[in-house]
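In listed order, ligands and their atoms are each counted from 1.
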Amino acid sequence: MIAEKTQQHAQPENLPEAIRHYIGGRSVDSVDGSTFDVIDPVTNKPYIKAAAGKKADIDAAVAAAKKAFEEGPWPSMLPRERARVLNKIADIVETRGDRLAEMESYDSGLPITQALGQARRAAENFRFFADLIVAQHDDAFKVPGRQANYVNRKPIGVAGLITPWNTPFMLESWKLAPAIATGNTVVLKPAEFTPLSASLWAGIFEEAGLPEGVFNLVNGFGEDAGDALVKHPDVPLISFTGESGTGQLIFANAAPYLKGLSMELGGKSPAVVFDDADLETAINATVFGVFSLNGERCTAGSRILVQRGVYDEFVERYAAQAKRVRVGLPSDPKTEVGALVHPEHYEKVMGYVEIGKSEARLVAGGGRPEGFEEGNFVAPTVFADVSPEARIFQDEIFGPVVAITPFDTEEEALELANNTKYGLAAYIWTNDLKRAHNFSQAVDAGMVWLNSNNVRDLRTPFGGVKASGLGHEGGYRSIDFYTDQQAVHINLGEVHNPVFGKAD
Ligand code: NAD
């Protein structure tokens with residue numbers, strides 16, 4: 001069985017010899033020549049080397065991006081011209097969807113069908129911001145007879161983009177698309193666990209006609225390349241997605257430079273199932289909500305709060321369904337849960353599975369799935385009767401592990417839902433209209449889905465409250481983050497001011 005699996009787990013063809021930086025339109029090694037090993041999560045064996053960027057590499061990338069911003073055509077091009085390039089990028093991403101998904105799945109362990117979905121989303125992000133900048137209008141204010149005032153929206157400069165490993169290419173697109181759509185130039189620092197798919201960007205951008213120096217990429221570790229980007233004085237903006245702890249550190253490191261910061265951080269989102277909910281749909285959705293993307297999903301509904309009247313039935317049916325979720329090789333189109341990204345992360349998740357066994361009642365999973373003796377495979381794991389003090393209730397596990405907790409009243413449900421440091425998403429399952437809205441509005445979450453899974457509308461705000469983030473992106477909020485709105489005031493009448501030093 002293992003031999004058969006290894007055969008099916010073939011490395012994608014025609015991989016580059018190594019993953020390099022991309023600076024000022026050229027693919028380059030690190031200034032000091034250093035590299036790091038990238039492993040594949042099914043075997044945990046190194047399969048490619050990536051350039052390990054440090055301060056000198058970031059300096060070179062920022063210098064290239066700054067030059068392109070100050071001297072290049074990109075920031076002052078008409079929105080329509082920039083939108084044409086963005087649409088071409090979307091077209092190319094779409095036509096390379098299969099290749100992209102194959103590389104992403106191999107590198108990250110995400111199931112291939114889900115990686116393909118993420119590739120489509122990446123294309124859609126570029127199309128969406130292409131549309132938005134063409135339709136963009138800015139405020140103008142009239143003070144009759146006295147003033148006309150308007151907003152002169154300007155790109156800011158070099159944007160530093162720092163991304164995590166869970167859906168690498170899509171999350172990179174989520175920052176790249178609005179940053180460049182608005183006329184900025186960028187330095188992207190992708191996650192060190194998953195640098196493979198990011199190596200496709202340079203070719204895509206070149207083919208689409210993005211001017212040299214607008215896009216730059218430096219691979220490497222957070223504490224080296226990421227840190228140097230955060231502390232670079234010529235980078236006025238940092239858009240970061242990652243853990244809340246890393247966000248806190250970046251916030252402190254950016255403070256001396258007074259940078260613009262957008263922080264998309266961790267989550268421990270509740271899915272609240274009232275006893276009047278459509279149980280079948282709620283079970284299907286909450287199974288998908290925590291086990292899709294291997295549970296490595298910031299908006300995962302990883303705490304399910306269930307009203308007492310349907311609690312026992314819910315737990316029983318949920319556990320049975322979780323046991324049927326197909327764990328498999330990431331490359332297999334039938335796979336629903338693949339391999340976790342890295343052995344370090346696997347150890348963390350397995351650590352929580354063990355903690356959970358001492359804190360609550362295990363009703364599904366709880367270890368390695370049968371037949372997967374190596375690699376970062378975790379059986380979909382369900383704990384019931386989880387108390388709010390439990391670590392598996394409070395901490396973000398970021399794997400296929402879910403905590404189910406009973407409640408009696410709506411007040412208790414709200415208290416439980418809000419009882420963590422996080423506030424990213426919430427999912428509410430009820431057919432009571434008033435309760436649905438009142439509960440949604442009261443819950444501490446940046447995003448709420450009512451009788452629905454996480455289905456995004458790209459125009460809506462995206463972001464969290466409390467430890468889940470700072471600032472919102474999504475739709476025109478992304479445009480706001482990546483631009484300065486300069487107010488220009490024009491006097492139309494007499495100059496209005498008291499005259500100082502007037503001659504008598
Ligand atoms: P992480 O914080 O470890 O790393 C994220 C990125 O930050 C990586 O590129 C890393 O190299 C870099 N980094 C690390 N230390 C740094 C430093 N000192 N200075 C600058 N950069 C640094 O997060 P991760 O483990 O890659 O990702 C998982 C986390 O991301 C989870 O907490 C998840 O909830 C969160 N996430 C949030 C969202 C959201 O939109 N809210 C989306 C996806 C993932």
Between ligand 1 and Ser244, is the shortest N or O to N or O distance under 3.5 Å? no
Glu336: what forms a salt bridge (charged side-chain N to carboxylate O under 4.0 Å, His left out) with it, not counting sequence neighbours? none
Taking non-hydrogen atoms only, is Leu249 closer than 4.0 angstrom to ligand 1 via side chain, backbone, both or neither? side chain
For ligand 1, indicate whether the residue Glu192 contacts it via side chain, backbone, both or neither (heavy-atom separation under 4.0 Å). side chain
Could you find the nearest protein heavy atom to atom 26 (O) of ligand 1 and give me its residue, atom name and distance? Trp165 CD1, 2.9 Å
Polar contact flag for Thr246 and ligand 1 (N/O pairs, less than 3.5 Å): yes
Counting from 1, what ligand 1 atoms have a heavy atom of Lys189 closer than 4.0 Å? 8 (C), 9 (O), 10 (C), 11 (O)
Atoms of ligand 1, numbered as shown, that sit under 4.0 Å from any heavy atom of Leu171: 43 (C)
For ligand 1, the portion of Leu424 having any non-hydrogen atom under 4.0 Å away: side chain
If you measure every N/O of Gly222 against every N/O of ligand 1, is any gap under 3.5 Å? yes
Heteroatom proximity flag, Glu243 to ligand 1, N/O under 3.5 Å: yes
Relative to ligand 1, is Asn253 under 4.0 angstrom through side chain, backbone, both or neither, heavy atoms considered? neither
Distance-only N or O hit between ligand 1 and Glu223, under 3.5 Å: no
Answer with side chain, backbone, both or neither: which part of Leu229 has a heavy atom less than 4.0 angstrom from an atom of ligand 1? neither
Which ligand 1 atoms does Phe462 reach within 4.0 Å, using its non-hydrogen atoms? 40 (O)
Of the choices Met447, Glu396, Met170, which has the non-hydrogen atom that lies closest to atom 34 (O) of ligand 1? Glu396
Taking 4.0 Å as the limit for heavy-atom contacts, which would you say applies to Asn166 with ligand 1: side chain only, backbone only, both, or neither? side chain
I need the nearest protein heavy-atom contact for atom 8 (C) of ligand 1: residue, atom name and distance, please. Thr163 O, 3.3 Å
Please state which protein non-hydrogen atom is closest to atom 41 (N) of ligand 1 and give its distance, to 0.1 Å? Leu265 O, 2.7 Å
Quick one: does Gly469 get a heavy atom under 4.0 Å from ligand 1? no
Which one of Arg127, Arg120, Arg121 satisfies the salt bridge (Lys or Arg N to Asp or Glu O under 4.0 Å) criterion with Glu94? Arg127
Relative to the heavy atoms of Asp227, which atoms of ligand 1 are at a distance of less than 4.0 Å? 19 (N), 20 (C)
Lys NZ or Arg CZ of Arg303 over Phe393 ring: under 6.0 Å, within 45°: yes
Taking the cut-offs as 6.0 angstrom to the six-membered ring centre and 45 degrees off its axis, would you call Lys66 and Phe69 a cation-pi pair? no
min-distance protein heavy atom vs atom 28 (C) of ligand 1 -> Phe398 CE2, 3.5 Å
To atom 39 (C) of ligand 1, the nearest of Lys268, His345, Glu264 on a heavy-atom basis is Glu264
With atoms numbered from 1 as shown, which atoms in ligand 1 lie under 4.0 angstrom from a non-hydrogen atom of Gly226? 19 (N), 20 (C), 21 (N)
Nitrogen or oxygen of Pro164 less than 3.5 angstrom from that of ligand 1: no
